[in-house]
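Worksheet: the structure to be examined is printed underneath.
The sequence lines fix the lettering, A, B, ..., with proteins before strands; numbering per chain opens at 1. Just so you know, these numbers use all the heavy atoms, side chains as well, and skip hydrogens, waters and symmetry mates.
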Amino acid sequence: MREYFNNIWLGLTTVFIGMNVTFKHLFKPAVTIQYPDVKLLLPERERNRLYVNMDDCIGCDQCARACPVSCISIETVKSLPTDDLGKTSNGKKKALWLTKFDIDIAKCCYCQLCVFPCPTECIYMTDVFEFSEYKRENLLYSFVTLTPDEIAEKKNNFEKAEAEKSAQKAAAAAKKAEEQAAPKENKPSAEKPEDKKE
Amino acid sequence: MIYDFLLKLTGSEIAAGFIQSLLPLFVFILPFALIAVLLERKVSAHMQDRLGPMRVGYHGIFQTVADILKLMQKEDIVTDNSDKALFNIAPVLVFTGSYAAFAAIPFSGAFIGSNIDLGLFFIVAVSGLVVAGILMAGWASNNKYTLLGAMRSAAQVISYEIPTILVIITIVMITGTLNLYTLSELQTGHFWNWMIFGGPSTGLIKVAFIPFMIIGFVIIYISTLAEVNRTPFDIPEAESELVSGYHTEYSGMKFAMFFLAEYANMFAVSAIVAAVFFGGYQSPFGYLGNSLGISWFIPIEQFFWFTFKGIFFVLVQMWLRWTLPRLRVDQLMALCWKYLIPIAFVNLLIVGLITVL
Amino acid sequence: MPVKTEEMILNMGPQHPSTHGVLRLELLLEGEIIKGVKPHIGYLHRCFEKHAEAMTYPQVIPYVDRLDYLSSMYNEFGYVTAVEKLLGIEVPQRVEYIRVIMGELQRIASHLVAIGTYGADLGAFTPFLFAFRDREKILSLFEITCGARLLYNYIWIGGLSHDLHPDFVRLAREFIPYFRPKIKEMNDLLSYNKIFVERTANVGILPPETAINFGVSGPNLRGSGLKWDLRRNDPYSVYDKFDFNIPVGEGRMGTVGDCWDRYFVRILEMEESLKIIEQALDQLPEGDVTSAIPKRVKPPIGQVYARVENPRGELGYFIISDGSVNPFRVKVRAPSFISLSVMDELCRGHMIADVIAILGSIDIVLGEIDR
Amino acid sequence: MKTTEEIFNLLKEKFGESIIEFKTGVPVEDFIVVNPFEIDKVCTFLRDTDSYQFNNLMNLSGVDDANGKKITGEQGEVKLEGRTFSLFYHLESMSLKQKVTLAVRMPGENPEVSSVSEIWRSADWHEREAFDMFGIKFLNHPDLRRILMPYDWEAGYPLRKDYKNPEFYQGMKVPY
C-alpha cells in the first residue's frame, strides 16, 4: 500500500520536476544559429577542402603516398635543362613539369596526412566546407596550371630529349640531366622532426 | 443563434444545418490544426534551446501551409498487398470520429453545433469511431508494425474511456445534466463557480468538493491524454519502437488526415476538460459586453475564452510531450486499471456521499 | 476450444528509428513477448581489417577513427598504445596528458550521445537535444585543437598532430563548471523521472557472472556491479596519476545490472571524467608533442595485444607485425561487438518496447561492430 | 600472478603432448601453442582451476600466417602448400589479474579447431568472425554462420592473404 501511494507521489512530483526544467528552457535563448544566413567563425586549424598552391608544388609525390585513400594522383614530366620553372616560395628549385595533379575530393577523408610531409607547404586544408555538387565528376579537382597543349608539348619535349639522349648516348649530358631532374624527394618535411630513436 | 441567423439568411433548414455543421471545420479545426502544428514545433523547439521553423514567413508562421502543400503534392502510395478498401476508408473514419465530436462542443453561448441533451455522452461515444478507424488502418496496411500499433491503440483507447466516464459521472452527479450547454451555463459568473472550485454549490459542501474535483480533473486530463495517443501515452505510434505505428504505410493527404485528426482530437479533449471543469466558454471575470452594454459582444468574448482555455490545455499537452518519456504498453494498462480507475471510483463514491449530505 | 496461437517473427531494422544504425534484429514474438532475438550484423562492414593490411601504420589511424565514430579519440588512443608498445617507444609526458584530456572529453561526448539517444529511444526527445547541445561544446574544443569535429586523426604514433591550441586550456576550464549543472538537469529531466525509471528499472538484468562470461566490459559491466575499469585495473598512459572513482551499478531503482544502472553509471562516469580533466589540466606539463614521432614506423617482427578503456568498454587491438611498414594483421576487439552478443540473453521474456530500452542501454555503435 | 612461462610449465605437466610449444622472445608478447583439438580442455582447465581463474576471454583472433610454399598446379592454378592458420586466445583472470596468450596452429587445407564458445560465451561471435574471415571451422560451435559478410557470400574468406574479390555478387559488380 505504501508503495502504491509512493508510486503516485513519485509519478506526480518527478513529472513536475521535469516540466519545470523544460519550462525554464522555454525562455532561454536558442543555441542554434540560422545556418546559411549566419555562419560560425571557423577556427584557424579548420580542416576542410584541400587546396594546392601550384606555384610552390615541386611534384615530389609525397602527399599522394601519404594519402590513405589514394585520392591524390600526380604525374610529372622531367623538364629539359633549358627550361626555367622558377623557384618555390621557400627557395626550392622546381625540376618537374606537373602534367597531372588531381584530387578526387569525393574520396578525401580529411585526415590531413598529406599536409605534413609536403616540403614546400603547398598543399593545405582550407576552411571552405560548402562545395557539394550534383555530379560526382565535378568533385574531381584538377590543379594543373598547364593547358593540355602545353602538357603535350612538355611530354613531347621530354620524349625528344630522351630520344636525343639515347641517340647521342652522351654520358655527360645524361648525367647533367639527371642531376637536375632528381627531385628532392626524400627531404624530410618541416613539420616532422627527425626521430631521435632511429 | 447562429442557426437562426443562417436560417433567416438562406431560408432553408437543410442549407442552414449544412452550413452550420461545416462551420467548425472551416472556422475552427483547419485553422486550429495549422496553428497547433506550428505551435507544437515552436514550443518544442524553444524547450530544447532551438528556434524551430524560421524560413517560411516571419518566424516560420507559414510553415504548416507549406507542409500541407507538400503533403498534397505527394504521391499517394498504397502498398500492393494492403486491403485497399479498408486502407482508404480508415483515415476518413478517423477524421470523422474526431470531427463529429465537435458537433456537441459549445464554443460559445451562441454557437453550439447541436445542443443535444446527451452532449457529453455523445462525445465520448463518437470518439469510439476513431478506434475503429485505427484498427482498420493497422489491419489494412498489412504490416506487422501497424498491426501492433493498432492493437495497442484499441486496447488503450477502450481502457482509458473508463476513467474518463467515471469522472464525467462524478460531475453529472453534482450537476444532474449531460448537456454541455447547460453544464457551461451552470458555471456562469466568476471563476469560483467553475466545477474545479466546487461548481455552483455553496457553503461547506463547495469547500469539501474542491480536493476531489482536483483529483477528478487530474484523472480526466491523464485519461483524455491517453485517448488521443499523445506522449507519454503515444505507444500506438511509438516512433522508436513501431516506426510510427498504425500510420506507417500512409503518405500524402491520407497521412495528413491522421495528422489533422490528432490535432482536432487534442482540442476536442481539451475542450471537454475545459467545459466540464473550467466553466466552458464562461469568462473568469465577467464580461466586457455586460459592463459596456453591448450584448452581441458577449458571444465573441465567450468564444475567445473557450479557445483560450482549450489552447491552454493543448499547450500543456505539448509541454508534457516534450518533457516525458513514453510508457510501456503493460505499464500503460497498469496505470489505467490499477491507479486511475480505482481512484476515480473512490472519488466518485466520496463525491456521491458529499452530494447526499 | 483452445485458442490457436502462433509465433510471429518481427524484423526490426536494418531501417528502424532506434537500432542505432543499420542493425537488424530478428525478434521471435509471442504477442508482444520476446521469445528470442537474433542480431544480424554486417550491414556496415567496411573491411577495416583487410584495409589495414594494405596501409602503413600511420595511415591506419584515419581508418581507426571511423570504427567507433562517436569516440574516435579513444580509438586512436588505443591504436597508438598498441603500436607504441610494439615499437617500444616512450612518449613525452605532455603527450600522455593531452591524450588523457582528449580521451576523457571524448568519453563525456560519447556518453552524452548514449544518454541522449537512450532518452530518445524511450520517447523523451528533449534530453536528446540537450545532450547534443553540450556535446557540441566538446566537439568545438576538438575542432580548435585539430580542425576536425568527429574524425580527428589527432593522436599519432609517438605524439600528436598538433599541440594544444593556446585557448584550449582556458576553454576546457570554462567547460567544466558549465557542464556540471547540466548533469543535474539531465537527472531531473530524465534519470529520476518516474516513467523513465519504470521503463528501465528491472529490465534487461545482466548478472555479473553472465557479463564476465560474455566478455561484456565498460559501463555495461560496471552497471552489473563489478568494479572493473582498465584505467584503474590495468593502467595505461598516465591514468595512475589521477584520483577518480569507479561508479558501479547499485540497483538503486531496481535490481543490480538493469538498464537503469547501466544508464546511471554513464551519468556518474561523466562526472568522474570531469574530475580527471580538471586534474590533468592542473598537472599539464610543458614540452614538445611531436618530438617522439618516428619518421618511419617499422616495428620489429612480433605481436601485441593492447587494450584501453573506451567509452563503450574494453577496446583491444591485436597487431601482428612482419617487420614491414604495413601491419600484417590488425584485429579489433570491439566492445560493442561483444555487448551486442548479449542481446538474446537480456531480451528473453521482455516486451518489444524493452528491446529498445535494452539495446539503448548497452550503447552500441554499429561502425565498431561491423568494422 | 604467474608468468606465461610458469603457466606453460604447469600446463605441460598436466596436458603433456597437447601443449606444443612456448614462444618467447617475440617482442612484447609470449604465447603458448596448443593442439587445436585439445584447446577446449586446456581452456576449461584454465578457467575452472582456482590458481588460474581465467574467466575472461579478452580476444580471439584468427590469423593467416601466409607462410606456405607456392606450387603451380597442372592447370596453372596456384596452391599454397604447408600454409597454416593460427588462432590467438587472449585470456585474462579478472580476480587474479593475470593474463596469458594461447595460440593454435591449423593446416591450411582443412583448418579445424575445437570451439571454446561453451567455456566463454564471448567466444561465440569471435569464432563466427574467424570462420567468416578465414574459413576456420570450429567443431561443436552452436551456430557457425557468417557474421559480417553476407550469408550467401561464395567468393571465399576475405582475410586470407590469397583472397581475390569476385567479379560479381548477386549480379552486382563488386569492384565498383
Against chain A, work out which of [options] has the most heavy-atom pairs shorter than 4.5 Å and name it.
{"options": "C/T145, C/V197, C/V60, C/T56", "result": "C/T145"}
{"options": "C/Q59, C/R66, C/H51", "result": "C/Q59"}
{"options": "C/E136, C/R149, C/E185", "result": "C/E185"}

### Validation row, ring centre C/Y192 to ring centre C/F196 under 6.0 Å
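No, ring centres 6.0 Å or more apart.
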### Task
In plain terms, say whether C/R99 and C/E84 are close enough for a salt bridge, that is, a side-chain N and a carboxylate O under 4.0 Å apart.
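Answer for the salt bridge query: yes.
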### Query
From C/I195 CD1 over to C/L122 CG, what is the distance, rounded to the nearest 0.5 angstrom?
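Spacing of CD1 (C/I195) from CG (C/L122) equals 11.0 Å.
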### Query
Who among A/K24, A/E44, A/M125 has the most heavy-atom pairs with chain C under 4.5 Å?
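Of the options given, most contacts go to A/E44.
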### Query
So, C/S321 side chain and C/P327 main chain: donor-acceptor pair closer than 3.5 Å or not?
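No, the answer is negative, given that no donor and acceptor are paired below the 3.5 Å cut-off.
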### Task
Could you label the plane-to-plane angle of the C/Y118 and C/Y263 rings as parallel, tilted or perpendicular, counting under 30° as parallel and over 60° as perpendicular?
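The rings of C/Y118 and C/Y263 sit tilted, inter-plane angle from 30° to 60°.
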### Query
Checking C/Y154 against chain A: side chain, backbone, both or neither under 4.5 Å from a heavy atom?
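C/Y154 has no heavy atom closer than 4.5 Å to chain A.
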### Query
chain A heavy atoms under 4.5 Å from C/I144: which part of the residue, side chain, backbone, both or neither?
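Both backbone and side chain of C/I144 come within 4.5 Å of chain A.
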### Message
Tell me whether the NZ or CZ atom of C/K137 lies within the 45° cone about the ring axis of C/Y178 and under 6.0 Å from its centre.
### Response
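Geometry flag: set, cation within 6.0 Å and 45°.
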### Query
Checking heavy atoms, do the side chain of A/N7, its backbone, both or neither come under 4.5 Å from chain C?
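The answer is both parts of A/N7.
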### Task
Using non-hydrogen atoms and a 4.5 Å limit, figure out which bit of A/L12 sits close to chain C: side chain, backbone, both or neither.
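Neither part, no heavy atoms under 4.5 Å.
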